[in-house]
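Reckoned from all heavy atoms, side chains included, excluding hydrogens, waters and symmetry mates.
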Amino acid sequence: MQTQLFSNEPNFPQGFQYFNDFITVKEENDLLDFISKTPLHTFLFQGYEAKRRVESFGYDYNFDKRTISKSRPIPSFFHPLIDRVANLLQFDAQDFVELLITEYPLGSVINWHRDAPPFKLIAGLSLQSDCKFRLRPYDKAEQDRHSIISFTAAQRSLYIMEGASRSEWEHSIAPVKKVRYSITLRTLN
């Protein structure tokens with residue numbers, strides 16, 4: 001089911017939900033303070049250093065080996081956020097097995113992709129700045145300039161991808177205009 005929260009919201013694909021102002025300014029500041037004390041490392045993707053830094057907790061996907069393994073436990077600091085997202089989705093908070101912190105420096109992008117295959121539901125929280133979030137059909141035959149759904153993922157907003165939006169669509173983020181952080185939660189298939 002799609003969630004329409006305001007009239008100018010795009011017609012999202014099945015399984016995609018967007019929640020503006022999911023957290024308060026104070027909650028955002030607390031998260032950013034915690035992140036500022038968390039050592040982040042350059043994200044490596046198939047031997048390439050991406051223009052972003054990350055830290056993963058819970059399970060971690062190795063893109064080179066295409067394997068998933070346990071990393072450090074998710075810090076208890078994040079449990080209230082995880083509980084809130086789980087309550088929204090009406091499932092057990094323990095279903096979230098990965099928490100990924102990402103720092104996007106000025107000008108960084110995420111190219112078109114679908115998230116790693118072992119993961120099922122993706123929940124992403126934008127922090128510190130907005131970004132231009134884009135969706136398009138994964139099937140090349142369905143791709144044209146009219147098939148792209150583009151919207152502003154505002155800071156403090158939450159998006160959810162599951163179902164068709166996860167398997168039949170891919171997403172990207174245009175170059176960010178300010179430093180941005182995100183917290184991504186994932187469940188396993």
Exercise. Is the backbone N or O of N29 less than 3.5 Å from a side-chain atom of D33, with the two atoms forming a donor-acceptor pair by type?
Worked result: no
For this session: Check whether any side-chain heavy atom of S129 sits under 4.5 Å from a side-chain heavy atom of K177, and report yes or no.
Result: no
Problem set entry | Donor-acceptor contact present, side-chain S157 to main-chain N20, <3.5 Å | no
Problem set entry | Side chains of D95 and L188 in contact at under 4.5 Å (non-hydrogen atoms) | no
Exercise. Where is the tightest heavy-atom contact between V85 and A123, given as atom of each residue plus distance?
Worked result: CG1-CB, 4.1 Å
Problem set entry | Residue of the set L40, V54, I110 for which side chain to side chain contact (heavy atoms under 4.5 Å, CB included) holds with T102 | V54
Exercise. Listed by chain and number, what are the side-chain contact (heavy atoms from CB on, under 4.5 Å) partners of E162, not counting sequence neighbours?
Worked result: Q17, L121, I160
Exercise. Do T187 and V97 touch side chain to side chain, with heavy atoms closer than 4.5 Å?
Worked result: no
Problem set entry | Y104: ring-ring contact (aromatic ring centres under 6.0 Å, His included) partners, not counting sequence neighbours | none
For this session: Considering non-hydrogen atoms only, spot the tightest contact between A164 and Q14 and give its length.
Result: N-OE1, 2.9 Å
Problem set entry | Shared hydrophobic cluster for V179 and V109 (ILVMFWY, side-chain gaps under 4.5 Å) | no
Exercise. Looking only at atom types and distance, does a side-chain atom of H79 sit under 3.5 Å from a main-chain N or O of F77, one as donor and one as acceptor?
Worked result: no
For this session: Go through the steps to decide whether S150 and R134 satisfy the test side-chain hydrogen bond (donor to acceptor under 3.5 Å, both in side chains), and finish with yes or no.
Result: CA-CA 4 Å; S150 182; R134 300 174 297 197; 5.8 Å; no
Exercise. Residues in side-chain contact (heavy atoms from CB on, under 4.5 Å) with D139, at least two apart?
Worked result: A141, E142
Exercise. Just wondering, do R166 and K120 contact through their side chains at under 4.5 Å, heavy atoms?
Worked result: no
For this session: Nearest 0.5 Å please: distance from the CG atom of L125 over to the CD1 atom of I101.
Result: 11.0 Å
Problem set entry | Verdict with reasoning, E103 to R180, per salt bridge (charged side-chain N to carboxylate O under 4.0 Å, His left out) | CA-CA 6 Å; E103 174 193 63; R180 176 180 175 260; over 6 Å; no
Exercise. Okay, side chain of E98, backbone of S56: is any donor-acceptor separation there less than 3.5 Å?
Worked result: no
Exercise. Q155 and E28: side-chain hydrogen bond (donor to acceptor under 3.5 Å, both in side chains), yes or no, with the steps?
Worked result: CA-CA 9 Å; Q155 76 183 90; E28 177 185 40; 3.0 Å; yes
Seminar exercise, completed: Between P13 and I149 the two heavy atoms that sit nearest each other are CD-CD1, 3.7 Å
Seminar exercise, completed: Contacts of R136 meeting salt bridge (Lys or Arg N to Asp or Glu O under 4.0 Å) (sequence neighbours excluded), chain-then-number -> E170
For this session: Can you see which heavy atom on N111 is nearest to which on S172, and at what distance?
Result: C-CB, 3.7 Å
Exercise. When hydrophobic residues are tied together by side-chain contacts of less than 4.5 Å, even through go-betweens, does L32 share a cluster with L106?
Worked result: no
Exercise. Quick one: CD1 on I82 to CD1 on I183, what's the gap to the nearest 0.5 Å?
Worked result: 9.0 Å
Problem set entry | Minimum side-chain heavy-atom gap F96-L89 below 4.5 Å | yes
Exercise. Is there a donor-acceptor pair closer than 3.5 Å between any side-chain N or O of S165 and the backbone N or O of M161?
Worked result: no
Problem set entry | For P75, all residues meeting side-chain contact (heavy atoms from CB on, under 4.5 Å), sequence neighbours excluded | F34, F57, F78
For this session: Validate the cation-pi geometry between R84 and F22: distance from NZ or CZ to the six-membered ring centre under 6.0 Å, angle to the ring axis within 45°.
Result: yes
For this session: State, yes or no, whether a side-chain contact exists between L31 and Y181 at a heavy-atom distance under 4.5 Å.
Result: no
Exercise. How long is the gap from CZ on R156 to OG on S126, to the nearest 0.5 Å?
Worked result: 10.5 Å
Exercise. So which residues get pulled into W112's cluster when ILVMFWY side chains under 4.5 Å apart are joined, directly or through others?
Worked result: I148
Exercise. Within 45° of the ring axis of Y138 and under 6.0 Å from its six-membered ring centre, is that where the NZ or CZ of R114 lies?
Worked result: yes
Problem set entry | Side-chain donor/acceptor of D144 to backbone N/O of S147, under 3.5 Å | yes
Exercise. Between CD1 of I35 and CD of Q128, what distance do you get to the nearest 0.5 Å?
Worked result: 9.0 Å
Exercise. Should the pair F133 and F151 be assigned to parallel (<30°), tilted (30 to 60°) or perpendicular (>60°) ring geometry?
Worked result: tilted
Exercise. Can you check whether F19 reaches L88 side chain to side chain, under 4.5 Å on heavy atoms?
Worked result: yes
